[in-house]
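Just so you know, these numbers use all the heavy atoms, side chains as well, and skip hydrogens, waters and symmetry mates. Sequence lines set the chain letters: A, B, ... in the order given, protein chains first and strands last, and positions in each chain run from 1.
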Protein chains: 2
Amino acid sequence: MDSYPKVVSQPSEGRMQTCDRLLDVSERLFAERGFRATSVRDITSEARCNIAAVNYYFGGKDNLYREMFRRRLRALREERIESIRRAVDQDGATPSLEGLLRAFITTFLRPLADESADRFYFQLISRELVDPHLSPDIFLAEMIEPVQNAWTHALRAVMPDLDERSARLCFHALVGQLLHVVKVQKLLGSQGQKEQWSAQELVEHIVRFSVGGIRACLPASCP
Amino acid sequence: MDSYPKVVSQPSEGRMQTCDRLLDVSERLFAERGFRATSVRDITSEARCNIAAVNYYFGGKDNLYREMFRRRLRALREERIESIRRAVDQDGATPSLEGLLRAFITTFLRPLADESADRFYFQLISRELVDPHLSPDIFLAEMIEPVQNAWTHALRAVMPDLDERSARLCFHALVGQLLHVVKVQKLLGSQGQKEQWSAQELVEHIVRFSVGGIRACLPASCP
DNA sequence: AAGAGTTTGAAACATGCGTATGACTCTGTC
DNA sequence: GACAGAGTCATACGCATGTTTCAAACTCTT
């Protein structure tokens, strides 16, 4: 599409290329401050390069944002779908609802680990959902829809009596919990708040809550 | 605190005062576009007054935002707490979990009605959670904490076997669902998406899901 | 009617923004 | 050694922003 140098030379260079530093720094700053609150000067300053580099490599701030976002989107999506798939046909015979949930939740929260390369991506997605700067179908078509489809399909394999509309609603109920709990956790942490939860505790709670929630959505009560 | 005119004269004037027009317009624009993307010129232009009015009445853009936010905060909080209280001791005898949930969810979603005076407030809160522009304790102390306390208290009255930590987590799970489902609904609506849910359907689903979720968080399984 | 106090108005100010330009350095090729 | 091209740099342009200024217009009391 565009004809900017992008990553022309192979990444064999020992030192990090300007292009990658821009992507890394902008990922962190966009996540921490948001798109508009992050200036090109902030980014290039922290990336130790000239202002013109953004336009030279990406052709503008918007394109930098888009490329930064796309960079991790595919990998993250595939990781989630793959984890769903594995949870369904892991034990061959009877996959459990709880196993499916635990697998998805764990994978979903993995980027929050402190050492994770995409630990800023979570905040970035939260921002993009509330205040989109990408053409909406990018995130919808390349993330939400595929994952939702995989999950809904897996869920209905585990619980055939659940109708599809309910299954999709359950998916959003689950994702809503995940996004919100992380947000609240961070909000309470920034304050000198006493009440906190460990990651382990959060996962366990969401698993239990969602197992109960999904079971309750069955037409009649069954196992 | 500040010594700006604020609403000095009584609101007996037939025509709307500049001050109120500024609050109304800014509420809508801040909700639709976000804080930074809304300029003072945009606001004063739509409010049909001079740019200087914002600084004259509020002393700056930030204060306008804060006052606009505070204006509805107390009423909304009291409405939610009151609805919780009413749900608990309505029938005198045994309040039901489902009744408590339905009451809270309905009240929570009420501002989304098209004619509601605070129909923009929902989006505003979503934005403020992800990208805060108020000192954090304002929203935490004047909204989240009081409502969470009321709800947790009511929930434990209905289900005494539920421990407090779980009850608080259940609260956030519920709010997370509510905020996210609205977001997704809007996202799908902006696209030419086939799948949509009616407000009625959403409420019913969240009630069922949450009733099941909360029951599943009990230490041992009981009625 | 006069004058004090309040509210509006047009214009300007300083700042920060995204982007563009042209010169410079470095590296590899002939 | 000359050349070409990629990358970097300081700098500047045009524009939008929040805020300020100060005079004009209005409102109300006396």
Is there a side-chain polar atom (N or O) of [X] under 4.0 Å from OP1 or OP2 of [N]?
| X | N | result |
| --- | --- | --- |
| T18(A) | dG7(D) | no |
| Y57(B) | dT6(C) | no |
| S39(A) | dC17(C) | yes |
| N55(A) | dG18(C) | no |

How many whole angstroms separate atom [atom1] of [X] from atom [atom2] of [N]?
| X | N | atom1 | atom2 | result |
| --- | --- | --- | --- | --- |
| F58(A) | dG18(C) | CZ | P | 15 Å |
| I43(A) | dG16(C) | CD1 | C1' | 15 Å |
| L22(A) | dC9(D) | CG | P | 11 Å |
| R36(B) | dG18(D) | CZ | P | 9 Å |

Mind checking whether [X] and [Y] have parallel, tilted or perpendicular rings, split at 30° and 60°?
| X | Y | result |
| --- | --- | --- |
| F104(A) | W151(A) | tilted |
| Y121(A) | F69(A) | tilted |
| F35(A) | Y65(A) | perpendicular |

Donor/acceptor link under 3.5 angstrom from R41(A) side chain onto base of dG16(C):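 Side chain to base: no pair present.
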
Donor-acceptor pair between Q177(B) and H180(A) side chains, under 3.5 angstrom: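 Q177(B) vs H180(A): no donor-acceptor pair found between side chains.
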
Whichever of A52(B) and K61(B) has its nearest DNA chain D nucleotide further upstream toward 5':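 Going by which nucleotide is closer to the 5' end, it is K61(B).
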
Y56(A) side-chain proximity, nearest of dT8(D), dT7(C), dA10(C):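 For the Y56(A) side chain, the nearest candidate turns out to be dT8(D).
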
